[in-house]
2 protein chains.
Amino acid sequence: MAAGTELFARHGFEGTRVEQIARKARVNKAMISYHFGGKAGLYRAILLSLFTETVERIRELKDSPEPADVLLRTFVRNFTELVARQPSVPMMLVREAISGGRHLDREVLPCFTAIFSVVREIIEKGTRDRTFRQVDPLLTHLSLIGSLVFFFITAPLRDRLISEAHVRAEKPEPEAYVRHVQDLMTRALAAEAPPAAPVERT
Amino acid sequence: MAAGTELFARHGFEGTRVEQIARKARVNKAMISYHFGGKAGLYRAILLSLFTETVERIRELKDSPEPADVLLRTFVRNFTELVARQPSVPMMLVREAISGGRHLDREVLPCFTAIFSVVREIIEKGTRDRTFRQVDPLLTHLSLIGSLVFFFITAPLRDRLISEAHVRAEKPEPEAYVRHVQDLMTRALAAEAPPAAPVERT
DNA sequence: GTCTATAGGCTGATAGAC
DNA sequence: GTCTATCAGCCTATAGAC
C-alpha cells in the first residue's frame, strides 16, 4: 500500500502500472489482485486509509475550547505537519477533485466534507464571538486549504525549477510556510476594529 | 486541440484515449498522429498554447504604474477571469506540477516562472513603498495562486458534493471568490501600522 | 498464500488506398 | 490531406502448480 500510495500520487491511477507497484513493494504482481481485488481495489483501499486517517487527526481540533484565532493557527500547523509527512494525501486529493471524484464512493466522500466541517466551525466560532470579521466559511475554507495544498503539490515542480536554475530561490521549508499562512490568515480574518465597538446585530 | 484540452485536463494524459479526442473533435484518429506527431505531440502543443497565452495576458500588468495594492487586486481579478474562461489551465498546471513537470520542456517551463515573476514584482513594489508589510514573495505567491487555483480545480468535486447533498451550500460564484481573495490578501498584506511611522532601514 | 505463465482486451501508431 | 484496416505492444487479471 505504501508503494501504491506513492506511485498513484505521483503518476495517477491510469499512469501507474501494477507491475511497478509490485516491484517497488517487492511482492508478486498477482498478489495485488489476490489481496485487493485488482488495481482499482488497491486504489480504493489506499484512498480510504489515507483520507480517514487524515480526517481523524484533523477532527481532534473539533471540541477544543481554545479561541478561534488560536484554533485556526493550530489547524494550519496540524494540517501542514500531516501533509508534510504524507505528501501523497494532497496529491491524491487534488487528482480526485479534478476528475470529479471518479474513484470516490460513499465511504470516502464524507472525508472531504468532514475537513470543511472543521474549518467551518472554527470560522463560525470566530465570527460569532467577533474574533473574526464576517466572512463566508466556504470561501475561506477554499482559500485556506488551497494555499496549504498548493504548497505541497507544487513541491516536485518547484524542486525542478530551482535545481534547473530557472528560478533563483531557496527551497522553502514547510515550517516557514506554516508561519506565513498563519500570519496571512490571522491578519486577513481579524475583526475590522478592536472588539470594543462591535456592530450589534440583534 | 479544444477537445484534447478538455479531456487531458479532466482525465490526465494517460487517462485520455486518442480515439476519445478524435470522436469529440469529429476528426479521424489518424489525423492526430499526422498533424501533431501522436498523442504526446498533441499534449505538448496544447500545453504550450495554453500556458503561453495565459502568461501573455498576465504579463500585461507588468508595466502598470498603479500602486501595489491596486495591482494585486487587478491581478486576482484578471487571473480569475482567465481561468474561469479556461478551467483547463489550472487543471493541467496542477497535473504537471504534481508529476514534476514530466511533459514540460524548455519552451513551457518559463511560463511558470513568468507568473511568479509578475506576482513577485507586485509584492516587492508593495514592500518597497511600504504599502505592504515585509513578506516573502515566493511564499506569498504560493498562497495566492494556491487559493485561486484550488477554487477552480475543486469545482467538479464541489458540484458533485453539493448535488449529492453531502454538503448543504450553494455553488460559489467566481465573482464572489474574486472579492473574497482580494479582501483576504489586501488585509493580509497591509502594512502593520499606517505608513506614518515606517521602520527606517538605511 | 505465493508464484509463473498466459490469456484477452485495449491502445497508439502506421501502411497504403484515395 | 483524409480515411480504413491492421499490427504490434502493453497491461491487467487469472488459471493452475506448489
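A note on names: the letters A, B, ... follow the listed sequences, proteins ahead of strands, and every chain is numbered from 1.
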Enquirer: Round to the nearest Å and state the distance from A:R23 atom CZ to C:dC3 atom P.
Expert: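 To the nearest whole Å, that distance equals 16 Å.
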Enquirer: Between A:F51 and A:F112 (judged by ring centroids, cut-off 6.0 Å), do the two rings come close enough to count as a pair?
Expert: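 Aromatic pair counts; centres sit under 6.0 Å.
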Enquirer: Between A:H11 and B:S99, do the side chains contain an N or O donor and an N or O acceptor separated by less than 3.5 Å?
Expert: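 No, because no side-chain N or O of A:H11 sits under 3.5 Å from a partner of the opposite role on B:S99.
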Enquirer: Keeping A:R44 on the side-chain end and A:H103 on the backbone end, is there a donor-acceptor pair under 3.5 Å?
Expert: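 Here the side-chain-to-backbone pair does not exist.
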Enquirer: Summarise how protein sits on nucleotides 12-18 of chain C as a single string, 5' to 3': B when a protein heavy atom is under 4.0 Å from the base, S for sugar-phosphate-only contact, - for no contact.
Expert: BBB----
Enquirer: Closer than 4.0 angstrom, basic N to acidic O: yes or no for B:E14 and B:R102?
Expert: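 B:R102 and B:E14: salt-bridged.
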Enquirer: If the helix axis at each end comes from five base pairs, how far does the helix from C:dG1-D:dC18 to C:dC18-D:dG1 deviate from straight, to 10°?
Expert: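 Answer rounded to 10°: the end axes differ by 0°.
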Enquirer: Using 4.0 Å as the upper bound for N to carboxylate O, is an ion pair formed by A:R10 and A:E6?
Expert: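 No, no charged N to carboxylate O under 4.0 Å.
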Enquirer: Counting C-beta onward and ignoring hydrogens, is there a side-chain heavy-atom pair between A:V89 and A:Q86 closer than 4.5 Å?
Expert: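 Yes, side chains in contact.
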Enquirer: Rounded to whole angstrom units, what separation is found between the CG atom of A:L7 and the P atom of D:dC11?
Expert: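 After rounding, the gap between these two atoms is 13 Å.
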Enquirer: Within the 3.5 Å criterion, strictly below it, is a donor on B:T127 or B:R133 matched to an acceptor on the partner's side chain?
Expert: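 Not at all, the side chains of B:T127 and B:R133 share no donor-acceptor pair under 3.5 Å.
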Enquirer: Starting at atom OH of A:Y43, determine the distance to atom C1' of D:dT12, rounded to an integer number of angstrom.
Expert: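 Whole-Å distance recorded here is 17 Å.
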Enquirer: Before accepting this row, confirm whether a basic side-chain N of the pair A:R77/A:E81 lies closer than 4.0 Å to the acidic partner's carboxylate O.
Expert: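 Salt bridge flag = yes for A:E81 with A:R77.
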